[in-house]
A.B. asks: 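The following block contains the structure, expressed as structure tokens.
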Amino acid sequence: MIDLRLLRDDPDMVARAYAKRGGVEGLEQIAELDATYRELLGEVESGRAEHNRASKAIGRAGPDERPAAIAEAKTLADKLKVLETRLDHAARARDEAAAYLPNLPHESVPEGLSEKENVVDRHVGEIPQFDFAARDHVTLGEQLGIFDGDRGVKTSGSRFVYLTGPGVMLELALVRFALDSLLDRGFKPVIPPVLVKEHAMFGTGFLPADEHEFYKSERDGLYLTGTSEVGLAAMHSDEILQESDLPLRYAGFSSNFRREAGTYGKDTKGLIRVHQFDKIEQFSFTHPEDSWDEYATIRANQERILQTLEIPYRVVTMCAGDLGSSAAKKVDNEAWLPGAGRYLEVTSATNATDFQARRLKVRFRDSDGARLVHTLNGTACAVGRTIVALIENHQRPDGSIGIPEALRPYTGFDEIKAV
RNA sequence: GGUGGGGUAGCGAAGUGGCCAUAACGCGAUCGCCUCGAAAGCGAUUGGGGGUUAACCGCCCCCCGCGGGUUCGAAUCCCGCCCCCACCGCCA
């Protein structure tokens, strides 16, 4: 949710900002709905004031004045009821329309309407030069018993896998490694609920826009989250935090569930695009003035993890048209996959500014009263895709995988032997 | 799932149809007085959202778990839901 006052005070600025993302439909209507709402609100409020006065007068009235006073108050009450119904409709119409408005892109976000216009900023790390034909992660993974895709399909359908043997050890090692690299930087580990109420999905901006992306338990009215961001963001909903407690930093670990609707035929094998995967996620609640510094912190953590794992990657800034609904800015790191011969998104960092905070009502108190915080999220380690990048980049001619130095204390072994 | 009790400010808690909503009372917090300093004591202050305003002041509206209803008027009465506590049942 954006601040509708912005739309009220400077509609051109808002329209220009949205035009950068490809425009939004019905911006003028929303402005009109808002104006109608406020006009009605004024009428209702003065109606209520009048009625309150009449009503209170009854309490003080003597027995003979009472019937007349009651009759007068009743007339006012009836009139009010009609107005209040209209106000109610107006508020609903405005809020429903406004709920679809995405965040305003930050000025540093490049122009562009499709992912083709995302900007590659930098390349980091050595691309490995193999003197043998590099295998892709599907071949390596099934050969080495890291995962079992066929049985995943048997049990749960396509895009489900069993992670097995060394795959499990690798996952647990990566999780603990990523967690450790955040703990000493003030991130508190959290395993959030992955089944959440509608308000959490709405508050993070995944609803109403991306409904089709998520599994839902209709019977209980709960959604399976596609990222621990949801549980972490909602953790402080309806709270007023202490200014001195900011930034609040969390390292969330959870399984994530995505329906991957509309991706039929894309990455159907292996760990790249699955309905269920585990991930360590950074999430920060910050003072609004500090959120871009925090953004840099989160991104630095992401890059450090990739570098430490000796995975080459490039940094891609999303253009305005490719931003998620809550994002003012989004930057991805894409790992190079020597086997597949392409780059793969392995991390993503978003500054949602006050967009989620407004919907979730997460505020802090300073001398001006309660103000909205900013929220940010960024992958620390998406386990499945990191395993993909890791094994493709650290494969050896004989089909074994070398474990990067920094991960060995966590795996307890320094290679996955060829079989 | 059943029965009983409960959800009011940062916390505890009073209030069972108007004179009780910034809301009694107590605690905590902040500021001031006192003090060399502190404690004690005394005094003051101490919620959120919204409208009006260029902004401030002011004025007004809304908020007693959530949503409906009854009434001129609801924290208070009625209905539904959620959550907490206790016991029972069921399950690990």
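A note on names: the letters A, B, ... follow the listed sequences, proteins ahead of strands, and every chain is numbered from 1.
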A.B. asks: Taking only the P atom of each, what is the distance from B:C88 to B:U30 in whole angstrom?
C.D. replies: 45 Å
A.B. asks: Do A:H374 and A:F285 make the cut of ring centroids closer than 6.0 angstrom?
C.D. replies: no
A.B. asks: Does A:R5 get its side chain close enough to the base of B:G49, under 3.5 Å, for a donor-acceptor pair?
C.D. replies: no
A.B. asks: Over all strands shown, is A:A370 touching base, sugar-phosphate only, or nothing at heavy-atom distances under 4.0 angstrom?
C.D. replies: sugar-phosphate
A.B. asks: Using the C1' atom in both, what is the distance from B:G67 to B:A13, to the nearest Å?
C.D. replies: 27 Å
A.B. asks: Can you tell me how far C1' of B:C60 sits from CG of A:L83, to the nearest Å?
C.D. replies: 16 Å
A.B. asks: Sticking with atom C1', work out how far B:A38 lies from B:U16, rounded to a whole angstrom.
C.D. replies: 47 Å
A.B. asks: When all nucleic acid strands are considered with a 4.0 Å heavy-atom cut-off, which category describes A:R365: base, sugar-phosphate, or nothing?
C.D. replies: sugar-phosphate
A.B. asks: Between A:R16 and A:D12, does any side-chain N to carboxylate O distance fall below 4.0 Å?
C.D. replies: no
A.B. asks: For B:G18, does either OP1 or OP2 sit under 4.0 Å from a side-chain N or O belonging to A:N52?
C.D. replies: no
A.B. asks: Rounded to whole angstrom, note down the C1' distance from B:G48 over to B:A44.
C.D. replies: 23 Å
A.B. asks: Do the charged groups of A:R135 and A:E392 touch, with an N to O distance under 4.0 Å?
C.D. replies: no
A.B. asks: Starting at NE2 of A:H199 and ending at P of B:G67, how long is that distance when rounded to a whole Å?
C.D. replies: 14 Å
A.B. asks: Answer with base, sugar-phosphate or nothing: what part of the nucleic acid does A:R8 contact at a heavy-atom distance below 4.0 Å?
C.D. replies: sugar-phosphate
A.B. asks: Output the rounded distance in Å from CG (A:D238) to P (B:G7).
C.D. replies: 20 Å
A.B. asks: Pick the P atom in B:C27 and in B:G80, then give their distance to the nearest Å.
C.D. replies: 41 Å
A.B. asks: Looking at A:R38, does any N or O in its side chain come under 4.0 Å of the phosphate oxygens OP1/OP2 on B:U52?
C.D. replies: yes
A.B. asks: Just to confirm, is there a sub-4.0 Å distance from OP1 or OP2 of B:G51 to any side-chain nitrogen or oxygen of A:R48?
C.D. replies: no
A.B. asks: Distance check, P atoms only: B:A39 and B:G28, in whole angstrom units.
C.D. replies: 12 Å
A.B. asks: If you count the non-hydrogen atoms of other residues, nucleotides and ligands that lie under 6.0 Å from CD in A:E39, is the total more than 12?
C.D. replies: no
A.B. asks: Looking at A:Y37, is A:R94 sitting on its ring face, NZ or CZ under 6.0 Å from the six-membered ring centre and within 45 degrees of the normal?
C.D. replies: yes
A.B. asks: Can you tell which of B:C61, B:U52, B:G73 lies closest to the side chain of A:E45?
C.D. replies: B:C61
A.B. asks: Classify the nucleic acid contact of A:K74 as base, sugar-phosphate or nothing, counting any heavy atom under 4.0 Å across all strands shown.
C.D. replies: sugar-phosphate
A.B. asks: Roughly, in whole Å, what's the span from CG in A:L80 to C1' in B:U71?
C.D. replies: 14 Å
A.B. asks: For the P atoms, the ones on B:C66 and on B:U8, what distance do you get once it is rounded to whole angstrom?
C.D. replies: 10 Å
A.B. asks: Looking at the side chain of A:A49, which of B:G18, B:C72, B:C60 is the nearest nucleotide?
C.D. replies: B:C60
A.B. asks: Could you check whether A:D148 pairs with A:R151 (Lys NZ or Arg NE/NH1/NH2 to Asp/Glu carboxylate O, under 4.0 Å)?
C.D. replies: yes
A.B. asks: Using a cut-off of 4.0 Å on non-hydrogen atoms, how would the nucleic acid contact of A:L41 be classed: base, sugar-phosphate, or nothing?
C.D. replies: sugar-phosphate
A.B. asks: Say we look at B:C77 and B:G7: how far apart would their P atoms be, to the nearest angstrom?
C.D. replies: 12 Å
